[in-house]
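I have placed the structure first, in the form of structure tokens, so that the comments after it can refer back to it.
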Amino acid sequence: AVNHKLWPEIEKVTMEQLHYARLGVGEDVGVWQLFAEDGEMRMYRREEEVDGLVVDPLKACHVVRGVTGRELCQIFFSPEYRSGWETTLEDMTVAETISNDTLIFMQTHKRIWPASQRDALFWSHIRSVPDTEDPDASDLWIVCNHSTELPQYPPNTGKCVRVYLTVCLVGQTFIDPPKDSKKISREDISCKITYCSVVNPGGWAPASVLRAVYKREYPKFLKRFTSYCIEQCKDKPIQF
Ligand SMILES: O=S(=O)(CCO)c1ccc(-c2ccc(C3CCCC3)c([C@@H]3C[C@@H]3c3ccccn3)c2)cc1
């Protein structure tokens, strides 16, 4: 994929998102508001508008037991699992396969009344990176989704308004070694997740409506996604 014309952007945005995800909510610029909590899940947002459109950045931290960062990111990245966890999807197609770790998705999301229906066209890239801060720690896995353009999918031509998004999901595996050097099992592993998203709704939608949608949909999405991963992985050999 290194010779693809999008590669410089993919490299830049993915590494920027990795840095951004690793900033704690205290270290980041701007004030994060905790707006949802459920067990180990903490969901923060910042209220931001661009041209009068709500584009509230979102950052969610969670810990999921029994799956690795690699397994979690592979499920988030792979098209074949998406309909199992992305409940707001009406349609999804892989518009281009750039390489085995980089795809371009065209997705139509279900209409969320009273906003008009949205679609999203974005490249999606998965990679693992060594943890620079702690060389003993396991690799970080990241999936980065970033809006892009393709001539065969011009925006705002049909019924849907095109959203513009940048999303990342970062997973890091932690192993709690079992006693007397038994084989590591799923009870001994957990995964720390950071999910970041900025979604520009593309066309006008009332701020109050969008904020209500975000408040309702994001916690639901992350809970459903993580339980889906646990379900998918539980009877399979661990992929570190
Ligand atoms: O992480 S992903 O890459 C996973 C791949 O699917 C992703 C996540 C979210 C979106 C998304 C697209 C549109 C909208 C809105 C904007 C105006 C009307 C619809 C929303 C709103 C925030 C709410 C929402 C949040 C979570 C899940 C679905 N819905 C979210 C797209 C992709």
Side-chain angles (χ1 to χ4, degrees), residues 10 13-14 17 20-21 35-36 38 41 43-62 72-95 102-126 141-148 153 155-156 159-171 193-229:
I10 292 167
V13 173
T14 301
Q17 285 296 303
Y20 176 63
F35 79 89
D38 182 296
M41 184 182 79
M43 211 158 246
Y44 304 86
R45 72 168 174 208
R46 277 208 311 264
E47 298 213 349
E48 276 177 28
E49 303 197 0
V50 168
D51 308 331
L53 293 182
V54 165
V55 292
D56 299 357
L58 180 123
K59 185 177 271 193
C61 305
H62 199 7
L72 188 108
C73 284
Q74 280 179 335
I75 292 171
F76 186 73
F77 172 74
S78 307
E80 59 269 24
Y81 295 109
R82 194 151 301 178
S83 57
W85 54 267
E86 176 60 286
T87 52
T88 68
L89 267 198
E90 182 178 277
D91 187 41
M92 176 213 69
T93 179
V94 175
T102 311
L103 303 171
I104 297 183
F105 287 95
M106 177 69 218
Q107 298 191 161
T108 310
H109 286 256
K110 288 177 184 146
R111 181 164 178 242
I112 298 182
W113 188 87
S116 41
Q117 191 169 24
R118 257 66 183 180
D119 64 16
L121 177 65
F122 54 90
W123 52 255
S124 184
H125 175 60
I126 184 169
W141 282 80
I142 179 168
V143 177
C144 185
N145 295 345
H146 181 74
S147 286
T148 192
Y153 295 101
N156 310 319
K159 60 182 177 175
C160 291
V161 173
R162 179 68 48 88
V163 301
Y164 295 93
L165 59 86
T166 302
V167 162
C168 74
L169 178 72
V170 177
I193 303 174
T194 304
Y195 173 84
C196 302
S197 93
V198 180
V199 176
N200 181 322
W204 191 76
S208 55
V209 165
L210 273 185
R211 289 195 166 119
V213 167
Y214 285 22
K215 196 169 167 65
R216 184 186 71 232
E217 291 294 334
Y218 273 116
K220 206 164 83 178
F221 153 75
L222 198 58
K223 278 164 67 177
R224 173 160 178 111
F225 172 68
T226 50
S227 14
Y228 180 83
C229 289

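Each residue takes its place number in the sequence, starting with 1. All heavy atoms count here, side chains included; hydrogens, waters and symmetry mates do not. Remember, it's 1-based here, ligands and their atoms both numbered in the order they're listed.
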Does at least one non-hydrogen atom of W113 fall below 4.0 angstrom from an atom of ligand 1?
->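 For ligand 1, residue contact (heavy atoms, under 4.0 Å) with W113 is absent.
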Can L210 be said to touch ligand 1, with heavy atoms closer than 4.0 Å?
->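 The answer is yes, since L210 has a heavy atom less than 4.0 Å from ligand 1.
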Are the aromatic ring centres of F76 and W85 under 6.0 angstrom apart?
->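 Yes, they do, as the ring centres are separated by less than 6.0 Å.
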When the ring centroid of F35 is compared with that of Y214, is the distance short of 6.0 Å?
->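 No, the ring centres sit 6.0 Å or more apart.
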Inspect the contact between [Y] and [X] and indicate whether a charged nitrogen and a carboxylate oxygen are less than 4.0 angstrom apart.
| X | Y | result |
| --- | --- | --- |
| E86 | R224 | no |
| R82 | E80 | no |
| K159 | E90 | yes |

Can you check whether [X] has an N/O within less than 3.5 Å of an N/O in ligand 1?
| X | value |
| --- | --- |
| E217 | no |
| Q107 | yes |
| E86 | yes |

Do D51 side-chain atoms and L53 backbone N/O form a donor-acceptor pair below 3.5 Å?
->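 No, because the side chain of D51 does not come within donor-acceptor range (under 3.5 Å) of the backbone of L53.
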Would you say the side-chain atoms of Q117 pair up with the backbone N or O of H109, donor to acceptor, closer than 3.5 Å?
->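 Present.
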What residue and atom, counting heavy atoms only, is the protein's closest point to [atom], and at what distance?
| atom | answer |
| --- | --- |
| atom 19 (C) of ligand 1 | I112 CD1, 4.1 Å |
| atom 18 (C) of ligand 1 | R118 CD, 3.9 Å |
| atom 3 (O) of ligand 1 | N145 ND2, 2.9 Å |
| atom 10 (C) of ligand 1 | H109 CE1, 3.9 Å |
| atom 13 (C) of ligand 1 | V163 CG1, 4.1 Å |

Mode of V213 contact toward ligand 1 - side chain, backbone, both, neither (heavy atoms, under 4.0 Å) =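 Contact part for V213 vs ligand 1: side chain (C-beta onward).
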Specify side chain, backbone, both or neither for W85, according to which of its non-hydrogen atoms lie closer than 4.0 Å to ligand 1.
->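 The part of W85 near ligand 1 is the side chain, not the backbone.
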Evaluating non-hydrogen atoms only, which member of L169, V199, L165 is closest to atom 32 (C) of ligand 1?
->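 Nearest option to atom 32 (C) of ligand 1, by heavy atoms: L165.
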Check each of Y214, Y218, Y195 against atom 1 (O) of ligand 1 and report the one with the nearest heavy atom.
->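 It is Y195 whose heavy atom sits nearest to atom 1 (O) of ligand 1.
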Side chain to side chain, D91 and Q107, heavy atoms closer than 4.5 Å =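 No, side chains not in contact.
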For atom 15 (C) of ligand 1, is the nearest protein heavy atom closer than 4.0 Å?
->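 Flag for atom 15 (C) of ligand 1 set to false, no protein heavy atom closer than 4.0 Å.
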Quick one: sort the Y195 and Y218 rings into parallel, tilted or perpendicular, breaks at 30° and 60°.
->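 It falls in the tilted class, 30° to 60°.
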Pull out every atom of ligand 1 sitting under 4.0 Å from any heavy atom of T88, numbered as shown with elements.
->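 Selected atoms, number and element: 28 (C), 29 (N).
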Looking at C196 and K59, what are the two nearest heavy atoms and their distance?
->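 Heavy atoms of C196 and K59 come nearest at SG-CE, 3.8 Å.
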